[in-house]
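The sequence lines fix the lettering, A, B, ..., with proteins before strands; numbering per chain opens at 1.
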Amino acid sequence: MARVEHPISLQLIGITKVYPSAIALNDVSLSIRGGEVVGLIGENGAGKSTLMKVLGGTIRPDEGQIVIDGVSTAGLTVSRALDHGIAFVHQELNPFSNLDVTDNVLLGRELRKGLFGFIDRKAMEDRVRPLLDMLGTRFGPSDPVSELSLADRQLLEIARALSTNVRLIILDEPTSSLTLSETQRLLDVIRHLRDDGVAVLFITHRLSEVEMVADRVVGLRDGRNAGALAREDIDKDAMVRLMIGRPVSQFYEKPGETSGNIVLEARGLRTAANPRETVDLTLGGGEILGLAGLVGAGRTELARAIFGIDPREDGVVTVEGIPVPAGSVTEAIRAGICLVPEDRKSQGLFLDFAISQNIAMPSLAKLARYGFVDTQAELALAGDAREKLGIKAPRLDRPAGELSGGNQQKIVLAKWLATRPKVIILDEPTRGIDVGAKAEVYRLMRALAGDGAAILMISSDMEEVIGVSSRVAVMSRGRITGMLEHEELSEERILRLAVE
Amino acid sequence: MHRKDLGLAVLIVCVGTIVALVNPRFLSPINLANTANLIGLFGLFSIAQAFVIVTGGIELSIGSVIALLGVIFIDLISTFGVAWPLALAIVLVLAVLIGLLHGWLVTRLGLQPFVVTLCGLLIYRGVARFYTRDGTAGFSFGADFPALEYLVAGRTAGVPHSVIAFAIVAVIAWLVLHRTVFGRHLFAVGKNEEAARYSGIDTRRVIIVSYVLCMLLTGLSAVFFAMYTRSVQPASHGNFYELYGIAAAVLGGFSLRGGEGSIIGVVLGVILLQVLQNLVNLLGIPSSLNFAVMGSVILVGVIADTQFMAYREKRRQAAAMSTLDMQNRTPKRSEAAPEH
Ligand SMILES: Nc1ncnc2c1ncn2[C@@H]1O[C@H](COP(=O)(O)OP(=O)(O)OP(=O)(O)O)[C@@H](O)[C@H]1O
Ligand SMILES: [Mg+2]
């Protein structure tokens, strides 16, 4: 990146955005200028993404003004925002998975050559490669996007934003699926951009990241301004108070002991992703086993094989000693296994379906009489879950897609808890969840373990792995490279095993 | 009843009223009974189509299957002297087999439904024509099956039995699609197949069953059509019926992307299409314009629907805005801390 010639100066004044079912923004103001990193924090549903969409031009506010370089306007379009040098990395990823990396990064801005304007593939790759190098990606310019992991796709979106003449970059939870080293790298990139005069708006639920890079923090609460913190006032407690108005007590607690009886056992398991490695794993009732490792270590694949989404190459899985047939989700659920997948929007939820229908989906057969859905029982089940998990949803018959990210995650949890599972596999369970909700998810996990469930938690958030797990298994390249007891847990130890 | 269905019902009444005013013959008992009969016949396979469309698939071979099974049904009875209940059973079994084949190709081999059923459309039509040596399959002169004819082409109190069959099928289809667990699974698979799999739904089975149900109803429909025309010309019998079914489903609110639609909608869609057909006949519009009229009405209907949706969204938005204004005015604003 070269230095920005005309750093941006931007103010949002009195922005209001109303949805028929919710007031997303209520008279919110915010300002930012070139060379500044502003952290935007708030609980799930506070309106952070909505505010950023106003800036990115994807939604038009009902009231308020946007002042860019002294010129005022009532709303932007995506192309006008781009003209102003505003680049937006969305929380929801949607790359074109039928294209490759280069095509995605430069989509709509293809480089051409010659008389007929043929696409200049080589020039495009030369343009993309340095961006990928800067971000330190594992993938190259010509890799197909369909094969990229969630984390890689996140980096791809960032590369795409950086490939424009960016003066303001909006990052909506860019680190939610990145590992520690990738996150460090991204934070470095953010500092770089700031030094070059770019304005950075950074949304995250990982408050330590905000502490590390933000020059200023702006808090939103229930769609309103909740205040701001200057550089020297930024610390975790202050941020939490800003977000939820009170401190969160007892974030991590020492998990309970396992009752000793083995609930889940996998022996000689081989997955299609790593057909040469075998995995052996036992999981006791009442324990939370953390599964750590770098992205791409084969953790998700292992979970999918146990849950029956993918066929197993080989090996046995038993629940309480009874073998679970391979390759069938139905059988896995019957045996008492459930999986909260890493990508809730495409795997966990039916975004257009009612909240109650989402929660009841795997329990329908149990709620049915003679094959007919009992809608009363369905609503009761959902209402129950809403109360128990503290889901913020005014109406259960509204589509799940209208909820904020954190509340959507709780819906996915609720849907599985309703089946009373014995083994709960959670793949990045707190991705994109605010501190308050995180604490609730942890509390829930402890409660479930306390009731005798065996919990397997895949997580790339080191703090979380160490804070929540009774034991930690570390995976690397499809193999379990080590098993650490609670007393032995440290970031360093886990990392050493993860790169083995 | 859905708002969408209501709009469709209103449209039907409007079109009906206009036709009746211009040409009172529309309301004559003969015309009504004829139209109703056609509604019943076309309704059966339109509901069949709906079951596949709701899963995000499509069934293009309906017309050809109606021709092929019609030929086989007539031939079994008139050439081989098979008793008609047995012939009916054979035809339905064949229909189920075709449905299984389509479902298997789509789910196990991962072929696209459009491709599979397009090939079906060509193959079954070709086989039907070859089977009859491009001739006509018909009952021999004077042949008489009073029971079968009464059941399939007869009337009770002036109501054609095809209408009764259609009504029964529609009620069962409504229950299955909108009230059972299986129906919910159909919608789920159509909306998001991956999430359905992660929810423990056997998506392959659901899709296969949807094709089987579709073909079963199509087989039934084939028998009704064969007895209606009494002879089957395989080169033209049932031509375009699949498109007719798709049109009825789309009118009735089914999304071709899957996961949306209602049985009441498709029933109303069928009725509207038949009334339009009637309109062309009774208003003296050249029958060559038949398809053009249908196409225009569907297009206008779909456009009106999206426009109305946008309008309603705006109104709800405005209502929400005004409640917000009320809220902001009454209590003094507490915490709008201006920053910077
Ligand atoms: N398309 C929509 N229709 C209706 N309501 C919506 C829509 N989009 C957002 N909302 C509502 O607006 C509010 C703010 O949502 P927003 O996505 O901005 O939250 P957020 O702060 O980004 O939360 P998260 O941290 O979970 O991403 C929520 O109450 C949400 O339910
Ligand atoms: Mg958000």
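- Using a 4.5 Å heavy-atom cutoff, the side chains of Phe353(A) and Phe187(B) are in contact.
- Note that CG of Leu351(A) is 7.5 Å distant from CG of Asn192(B), once rounded to the nearest 0.5 Å.
- The contact between Ala188(B) and chain A is made by backbone and side chain atoms together, counting heavy-atom distances below 4.5 Å.
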Run the side-chain contact (heavy atoms from CB on, under 4.5 Å) check on Leu364(A) and Arg184(B) step by step: do they pass?
CA-CA 9 Å; Leu364(A) 271 187; Arg184(B) 186 70 68 75; 3.4 Å; yes

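- Taking non-hydrogen atoms and a 4.5 Å limit, the residue list of residues 92-116 of chain B in contact with chain A is empty.
- Per-residue counts of heavy-atom pairs under 4.5 Å with chain B were compared for Met361(A), Gln347(A), Arg369(A); the largest is that of Gln347(A).
- Between the side chains of Tyr198(B) and Arg344(A), no donor-acceptor pair is found at a separation under 3.5 Å.
- At a 4.5 Å heavy-atom cutoff, Gln11(A) makes no contact with chain B through either its backbone or its side chain.
- Residue Ala318(B) does not touch chain A at all, counting heavy-atom pairs closer than 4.5 Å.
- By the 6.0 Å contact criterion, CZ on Arg316(B) is enclosed, its count of non-hydrogen atoms from other residues, nucleotides or ligands being greater than 12.
- In this structure, the separation between CD on Glu331(A) and CG on Asp202(B) is 10.0 Å, given to the nearest 0.5 Å.
- Interface remark: of the candidates Thr419(A), Leu349(A), Val373(A), Val373(A) forms the most heavy-atom pairs closer than 4.5 Å to chain B.
- To the nearest 0.5 Å, atom CZ of residue Phe372(A) and atom NE2 of residue His178(B) are 12.5 Å apart.
- Judged as a side chain to side chain donor-acceptor pair (under 3.5 Å), the pairs with a partner in residues 252-264 of chain B (not counting sequence neighbours) are, in order, Asp5(B)-Ser262(B), Lys191(B)-Glu260(B).
- For a residue to count as touching a neighbouring chain, one of its non-hydrogen atoms must lie under 4.5 Å from one of that chain's; by this rule Phe307(A) touches chain B with the side chain only.
- No other option in Thr375(A), Asp374(A), Val329(A), Val28(A) has as many heavy-atom pairs under 4.5 Å with chain B as Val329(A).
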